[in-house]
*Asks:* 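What follows is a structure written as structure tokens; I'll ask about it next.
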Amino acid sequence: MDTKYNPKAVEDKLYAQSLEKGYFSPKVDQSKKPYTIMMPPPNITSRLHMGHAFEGTIIDVLTRFKRMQGYNALLMPGTDHAAIATEVKIVEDMAKDGVKKSDLGRDGFMERAWQWNDKYGNEIIEQIKKMGISADWNRARFTMDEGCSKAVVEVFVRLYEKGLIYRGERLVNWCTKCNTSISDAEVEHEDKQGGFWHFKYPIKGMDGEYATFATTRPETMLGDVAIAVHPDDERYKHLVGKLAIMPILDREIPIVADRYVKMDFGTGMVKITPAHDFNDFELGARHNLPKINIMNDDATINESGGAYQGLDRYEARKKIVDEMDGLGLFIKKEDITHSVGTHDRCKDVVEPLNKLQWFVKMESLAAPALKAYQDGNLNIVPPRFGKVYTHWLEDIKDWCVSRQLWWGHRIPAYHCGCCEHITVAKEPPAACPKCQSTNLKQDEDNLDTWFSSALWPFSTLGWPGEDSEDLKYFYPTDVLCCGYEILFFWVIRMVFSGQEFMGELPFKDVLIHGMMRDEQGRKMSKSLGNGIDPLDIVEQYGADALRFYLSTGNSMGNDLRFYIDKVEAARNFLNKIWNASRFIAMNVGEGDIPTLDNVMDSLTTADRWIISKCNATIAEVTQNLDNYDLGLAAQKINDFAWDELCDWYIEMVKSRLYNADDPTRPAAIATLCHVLEATLKLLHPFSPFITDEIFQSFGFGESVVVASWPIASDALNFAKEEQDVEQIKEAIKAIRNLRSEMNIPPSRKAAVYVVASNQAVRGVFEAGSGHIVALASASEVIVQDNKTGIDDNAVSLVVASAEIFMPLADLVDFDKERERLTKEIKKLEDEVARVASKLANQGFLSKAKPELIEEERAKEAKYKEMLALARGQLASL
RNA sequence: GGACAAUUAGCUCAGCUGGUAGAGCACAUCCUUGACGUGGAUGGGGUCAGGGGUUCAAGUCCCUUAUUGUCCACCA
């Protein structure tokens, strides 16, 4: 074994081995309990980023943990076609070659898109493998593969037949850049600088009277069909029912009264453009106003715009202001910041347009999804995200699922060229069921990418295939893990889809993680160029180090800043494990690993102490993982392995190992192996490769991947030994501290006298004297019940129940000693005072738990004794 | 305009059901001891954002203020 752990030498080898052995590919087995996690399928838009590594680590830690616990664990991988996101990328890519979508046609475009998928889909899979994710690649799926596509069609048809899908003309969010409708969830509201233009329209037959109003989008004036005021507004009551004149198009529009208008905002008059504003749309419907659409799909003004036809929306905006100004009807422009809807993919300003689109009726689907959470059947971690979940469902609107795209699932609706009847069916019908015409054409629109994602927990397991063993066995899944940003895009839709089609929630727990950010807390993004490729980190530090880092130092649901220093710290920790293992391996020698059972009788206090500590760590880590506290679990493993095992136990045990004749040597080796094996197992979910490499090289078993998770045992709890060793540790630390403060070189050894009146305490120190010699630069340790034979000028210090003296008179600076002891006494006095005041408090005595009071009493006694000893020492100086 | 977080050592963050503040990095001093300098030892450094309240006891629960961030929301 090399002094440095080299990830490159083992990672690929071990991953291949696990695949070959089929560890990640569970078979349906009724004798074992399944544990299932659906991996959120990454978009095939590009390579993976750090967020994927973060999420992948979390779900893999859970999967490996459960697998070791004996569950039949399935981590189901896959990729997402990501309809619009990918199509945008492909169009950009084609533009480099000077090719446009229209050049290729639908079929040609699809061909190119599939090539894209081959390239990036496979690249992503390779990246996930490099991270050590224990996914079952035999079951890997793609949202547009045959099975998933079949599920999509099935769901669409069933919802349609149930009346939950309809086609209707509505205002939808239209992205003029991507040339498609998008759902509400895809609209981002962004505060932008903009103008707020004030105008007035003349009123017919009332010279000198005007309807004054303001707008942030003057171009929509071309579609104005009314002016609205509040019915109670005294200022305008006389105008209701009159006609205002939209001068540019010379259109007469009514002045209507509606409670939607806020009297105290602006002038209290609102222009109404039902075809281009969601509120106006509703108001228009209430007043039977016409909808005048003035915009083409590409954001140019259409024929309804008169002279403005053909102009871009912003150009038209400018010219309309000019024209109004020329007419003397423009009042002023204010600069304001206001919220503007933009498309989350391309950031272009979204236009509300009146369109014929397909919608999913949400009301009856949302209700059970909400109820499941309220009834406690769906557990969201951390719980605060439950509010986001309920809020979204309570406020849900119908879901616009049609997209004017090519890449994705085409809507299974067929239009009759003869009678215009629409047939929704799983297979293209041979003829129109209404007029028997064979002139049928499939709907041009595609489905929202989330339509297929919503089915992921069951479409991937074989649904709608009725006899799918996988589906019966692995559904419902156990936990769904994703970032908070897709809680409503994805989680909610999976929940109601699972309920609707499987009759059962798709998962019990929802685990929400935060986002990866850069060192400055900024979002990692392409445009900022601050993204970090996880594979670069893997290349440099190994997958284990990256994974360990991603698991620690942050709690679930919080964002995580990427610090390379922390990856390095994780790498150092793993290197420490490596070297500790190397040390143990050097001492084990040839032959079988000794087991604890054979040496139980010869275990020393130190052995029992570390075994007991290990036992406690097992219990805590298991508990933490059960609670999804990965960070705490990883921290506990780190603390145990590094502090207790490496810095203390291994140091304590060296003398026994170096002495071949020591009768307790086998016990030490067995203890080391026992503790190492447990540590490797605990660490394995976080850092799978290094643990497996060591595990196998020790011959602990075939592979830690399929080893059994350690179980804490009452028989291995040794409270007495824990206490004893802690006492020795305390003494060693005190001596080291003293030596360091006095600048005593390590080469200068000193005898250590331990004076304790209590016989049991003397016993502890006698037993631990070897450790004091080895770890506190002592030449010898003499334990006695009085100060006989100790130089009056010896350096002294106080620990619990004992005094320690070291004859180092020649090195002692008495002034400094006095100062040190005075400080020590002050500290002890404070402690005594604090405890005493607590114990004098009647409230505390009557209300605190008895064991706590007992603890405080013990402390009081301890500190009082130490204080007395320290005072004595100061006096004798 | 709502909702939710965050505010703890110089930096980045832990701190579970309330019971004497922790880690990593950074810093200072020391250590070429036979696993590891990607190491070891020791140390300095926090009135846990401010103010109230509940409690015998609050970083931990409640209210409030401030700052920062995120999400949601139709204010023309």
*Asks:* Does a side-chain N or O from A:Tyr389 land closer than 4.0 Å to OP1 or OP2 of B:C72, or not?
*Replies:* no

*Asks:* Are OP1 or OP2 of B:A35 and a side-chain N or O of A:Lys654 less than 4.0 angstrom apart?
*Replies:* yes

*Asks:* How would you label the contact of A:Phe573 with the nucleic acid (heavy atoms, under 4.0 Å): base, sugar-phosphate, or nothing?
*Replies:* nothing

*Asks:* With a cut-off of less than 4.0 Å, is there a side-chain N or O of A:Arg217 near OP1 or OP2 of B:A76?
*Replies:* no

*Asks:* Let's test your reading of the model: under 3.5 Å, does the base of B:U20 pair with the side chain of A:Arg834 as donor and acceptor?
*Replies:* yes

*Asks:* What integer distance in Å separates A:Glu651:CD from B:G39:C1'?
*Replies:* 11 Å

*Asks:* Between A:Phe213 and B:A76, do the rings stack, that is, sit under 5.5 Å apart with planes less than 30° off each other?
*Replies:* no

*Asks:* Mark yes or no for whether A:Asn579, through its side chain, and A:Asn575, through its backbone, hold a donor-acceptor pair below 3.5 Å.
*Replies:* yes

*Asks:* Could you tell me the separation between the NE2 atom of A:His230 and the P atom of B:C75, rounded to a whole number of Å?
*Replies:* 18 Å

*Asks:* State whether A:Arg571 places a side-chain N or O below 4.0 Å from either non-bridging phosphate oxygen (OP1 or OP2) of B:U38.
*Replies:* no

*Asks:* Over all strands shown, is A:Leu632 touching base, sugar-phosphate only, or nothing at heavy-atom distances under 4.0 angstrom?
*Replies:* sugar-phosphate

*Asks:* Just checking A:Ala580: base, sugar-phosphate only, or nothing, at a heavy-atom cut-off of under 4.0 Å?
*Replies:* base

*Asks:* So, does the side chain of A:Tyr863 form a donor-acceptor pair with the base of B:U20 at under 3.5 Å?
*Replies:* yes

*Asks:* For atom NZ of A:Lys523, is the number of surrounding heavy atoms from other residues, nucleotides or ligands below 6.0 Å larger than 12?
*Replies:* no

*Asks:* Please confirm whether any donor atom in the side chain of A:Asp565 sits under 3.5 Å from an acceptor in the base of B:C25, or the reverse.
*Replies:* no

*Asks:* Taking salt bridge (charged side-chain N to carboxylate O under 4.0 Å, His left out) as the definition, give me every residue that meets it alongside A:Arg656, ordered by chain and number, with sequence neighbours left out.
*Replies:* A:Asp607

*Asks:* Select base, sugar-phosphate, or nothing to describe what A:Lys387 touches, counting heavy atoms under 4.0 Å on all strands.
*Replies:* sugar-phosphate

*Asks:* Which whole number of Å gives the distance between the P atom of B:A23 and that of B:G46?
*Replies:* 15 Å

*Asks:* Which part of the nucleic acid does A:Tyr563 contact within heavy-atom distance under 4.0 Å: base, sugar-phosphate only, or nothing?
*Replies:* sugar-phosphate

*Asks:* Heavy atoms under 4.0 Å, any strand shown: does A:Trp642 hit a base, just sugar-phosphate, or nothing?
*Replies:* sugar-phosphate

*Asks:* If you look at every strand shown and take non-hydrogen atoms under 4.0 Å, does A:Asp647 touch a base, only sugar-phosphate, or nothing?
*Replies:* sugar-phosphate

*Asks:* Side chain to side chain donor-acceptor pair (under 3.5 Å) with A:Asp344: which residues, sequence neighbours excluded?
*Replies:* none

*Asks:* Where along residues 737-745 of chain A does a heavy atom fall under 4.0 Å from RNA chain B?
*Replies:* A:Asn737, A:Ser740

*Asks:* Flag the pair A:Tyr549 / A:Phe562 as yes when their ring centroid distance falls below 6.0 Å, and as no otherwise.
*Replies:* yes

*Asks:* Between A:Asn558 and B:U70, does any side-chain N or O lie under 4.0 Å from OP1 or OP2?
*Replies:* no

*Asks:* Between A:Lys862 and A:Glu831, does any NZ, NE, NH1 or NH2 come within less than 4.0 Å of an OD or OE carboxylate oxygen?
*Replies:* no

*Asks:* To the nearest Å, give me how far apart OH (A:Tyr5) and C1' (B:A35) are.
*Replies:* 17 Å

*Asks:* Assign A:Glu831 to base, sugar-phosphate, or nothing according to its heavy-atom contacts below 4.0 angstrom with the strands shown.
*Replies:* base

*Asks:* By the definition side chain to side chain donor-acceptor pair (under 3.5 Å), identify the one residue from A:Asp629, A:Asn624, A:Thr617 that meets it with A:Lys636.
*Replies:* A:Asn624

*Asks:* Taking any strand in view, what nucleotide pairs with B:A76 in a Watson-Crick or G-U wobble way, both distances under 3.5 Å?
*Replies:* none

*Asks:* Describe the nucleic acid contact of A:Val388 in one word from base, sugar-phosphate, nothing, applying a heavy-atom distance below 4.0 Å.
*Replies:* nothing

